[in-house]
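Per chain, numbering begins at 1; letters A, B, ... match sequence-line order. Predicted model only: the values in this text are computed from it and were never measured.
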Protein chains: 2
Amino acid sequence: MPSKPDSITMDAVYTAPGYLFRRMQQIAVAIFVEECRAFDLTPVQYAALVSIHTHPGIDATRLSAVIAFDRSTLGNVIERLESKAFIERKPGREDKRVKLLYLTKAGVATLREIMPSVENAQARMLQPLKAADRKVLLALMTQLVDLNNEASRVPLRAEDALEHLGKST
Amino acid sequence: MPSKPDSITMDAVYTAPGYLFRRMQQIAVAIFVEECRAFDLTPVQYAALVSIHTHPGIDATRLSAVIAFDRSTLGNVIERLESKAFIERKPGREDKRVKLLYLTKAGVATLREIMPSVENAQARMLQPLKAADRKVLLALMTQLVDLNNEASRVPLRAEDALEHLGKST
DNA sequence: GTCAGATTGTAAGTATGCTGTCAATTAAGT
DNA sequence: ACTTAATTGACAGCATACTTACAATCTGAC
């Protein structure tokens with residue numbers, strides 16, 4: 001309980017949950033990039049690819065809700081994926097504002113090829129822990145992220161993914 | 001175990017530890033910014049202030065090792081803290097390359113005032129969990145970050161903080 | 001003492017992640 | 001039908017976070 005600055009130590013940083021989350025995120029990205037450096041895909045770009053593969057013809061706004069990425073950020077991500085020829089943007093027929101997203105053949109192929117490396121990376125992040133602890137940590141993180149969903153600037157809305165189908169129902 | 005893209009679902013994203021860490025980091029920053037919006041300090045800037053307060057006269061390279069921030073990133077952070085008049089940079093006498101960092105009076109005052117808000121923010125991040133689970137999560141995260149230290153691009157080197165003292169020993 | 005190599009701060013370039021704003025378009029209310 | 005609301009993608013701007021490169025400086029080997 002350091003309340004006066006005179007009593008501030010580095011523990012005010014090191015033991016803060018926010019610092020641990022930041023640090024672990026940095027480590028997770030470093031591991032992902034290292035395992036996947038052959039594929040020219042970042043973690044964010046990978047998540048976007050998976051989502052577009054799962055929801056072909058989704059638009060950028062819905063995609064941002066499905067992976068909880070900021071809409072502005074996602075615009076740049078989509079641009080890069082398009083310039084790498086992993087995805088295509090096609091104008092919507094009903095709604096002239098939207099641009100529908102689809103994987104290209106190269107995108108599908110890359111996704112198939114990168115999968116084992118991604119799984120290696122995800123495993124490596126938790127490897128230092130005992131198997132039982134890994135499960136506990138994953139369960140608690142899943143719970144915490146879910147319960148804090150609304151505190152996020154861009155809450156996850158997985159259901160939004162279905163809106164681009166059967167809109168006329 | 002989805003190995004063929006045809007069997008990929010969003011679980012390939014949602015249950016990946018890397019995704020959970022990213023999401024939680026975003027939530028943590030959002031909560032910090034909301035609780036501390038009266039102070040014009042980001043989480044990173046706060047950590048830097050605490051470190052400079054704890055290690056007056058530290059230089060930027062050592063500071064980056066102490067809070068595990070990239071040296072380049074930290075350059076910009078320091079610039080912003082200086083332009084806000086929270087810190088001062090003074091040229092080193094022995095080594096003309098380094099610039100030593102000190103808190104200004106405004107920096108010390110701000111640090112004292114922001115402390116309660118930071119603690120509120122840190123508490124809010126874990127609040128959705130039961131008290132016992134909070135302890136477990138914190139312990140596991142601390143362990144995991146520590147054991148993965150070398151996997152990070154900028155490993156934490158807390159001891160480096162002491163080097164700017166008694167260099168001539 | 002001098003020269004090779006390391007270190008320090010800085011800068012440019014790329015990639016998230018957020019804040020706003022804006023024009024175009026669509027949807028809703030009357 | 002017509003005006004107002006909301007939505008969509010795009011853009012500008014700020015703040016991390018990393019890469020490489022570079023000039024100034026320092027250190028060590030000889």
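Considering only the side chain of Val44(B), dT16(D) comes nearest among dC18(C), dT16(D), dT25(D). Candidate nucleotides dC11(D), dC18(D), dA15(C) were compared by shortest atom distance to the side chain of Thr42(A), and dA15(C) ranks first.
What separates CZ of Arg62(B) from C1' of dG9(C) is a distance of 13 Å, to the nearest Å. Protein atom NZ of Lys99(B) is 13 Å distant from nucleotide atom C1' of dA23(D), rounded to whole Å. Rounded to an integer number of Å, the gap from CG of Leu74(A) to C1' of dA15(C) is 13 Å. Taking atom CG on Asn76(A) and atom P on dG13(D), their separation rounds to 14 Å, with Å as the unit. Computed from coordinates, the Phe69(A) CZ to dT16(C) P distance equals 9 Å when rounded to whole Å. When rounded to the nearest whole Å, the span between CG of Asp70(B) and P of dG9(C) equals 13 Å. Rounded to an integer number of Å, the gap from CG of Leu156(B) to P of dA17(D) is 14 Å. To the nearest angstrom, C1' of dT8(C) lies 14 Å from CD1 of Ile58(B).
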side-chain contact (heavy atoms from CB on, under 4.5 Å) between Arg80(B) and Gln45(B), intermediate numbers included: CA-CA 9 Å; Arg80(B) 281 173 218 122; Gln45(B) 290 167 11; 4.0 Å; yes

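The line from NZ of Lys84(B) to CZ of Phe39(B) is 13.0 Å long, rounded to the nearest 0.5 Å. In this structure, CD1 on Ile78(B) lies 11.0 Å from CZ on Arg71(B), to the nearest 0.5 angstrom.
Glycosidic torsion of dA6(C) falls outside 90° of 0, placing the base in anti.
Contact check on Arg157(A) versus Glu150(A) returns a salt bridge, with a Lys/Arg side-chain nitrogen under 4.0 Å from an Asp/Glu carboxylate oxygen.
If you check every strand for non-hydrogen atoms under 4.0 Å, Thr73(B) touches a base. Within 4.0 Å of Val77(B), counting heavy atoms only, lie sugar-phosphate atoms of the nucleic acid but no base atom. Residue Ser72(A) is in base contact, counting any heavy-atom pair closer than 4.0 Å across all strands shown.
Distances shorter than 4.0 Å separate some side-chain N or O of Arg89(B) from OP1 or OP2 on dT10(C). Contact check, Arg80(A) against dT16(C): a side-chain N or O comes under 4.0 Å of OP1 or OP2. Contact check, Arg71(A) against dG9(D): no side-chain N or O comes under 4.0 Å of OP1 or OP2. Dashed line: the shortest gap from a side-chain N or O of Gln25(B) to OP1 or OP2 of dG17(C) is not under 4.0 Å.
Within the 3.5 Å criterion, the main-chain N or O of Met125(A) finds a donor-acceptor partner in the side chain of Asn148(B).
Contact annotation: side chain of Arg97(A) to base of dT26(C), donor-acceptor pair absent below 3.5 Å.
Residue Gln26(B) is the one, among Lys96(A) and Gln26(B), whose nearest nucleotide of DNA chain C lies closer to the 5' end (criterion: closest heavy atom).
Looking at Asn149(A), Asp146(A), Thr142(A) one by one, the single match for side chain to side chain donor-acceptor pair (under 3.5 Å) with Arg23(B) turns out to be Asn149(A).
Nucleotide dT26(C) has no partner under the Watson-Crick or G-U criteria, as no pair reaches both atom distances under 3.5 Å. Base pairing analysis places dA23(D) opposite dT8(C); the two distances defining the Watson-Crick or G-U wobble pair are each below 3.5 Å.
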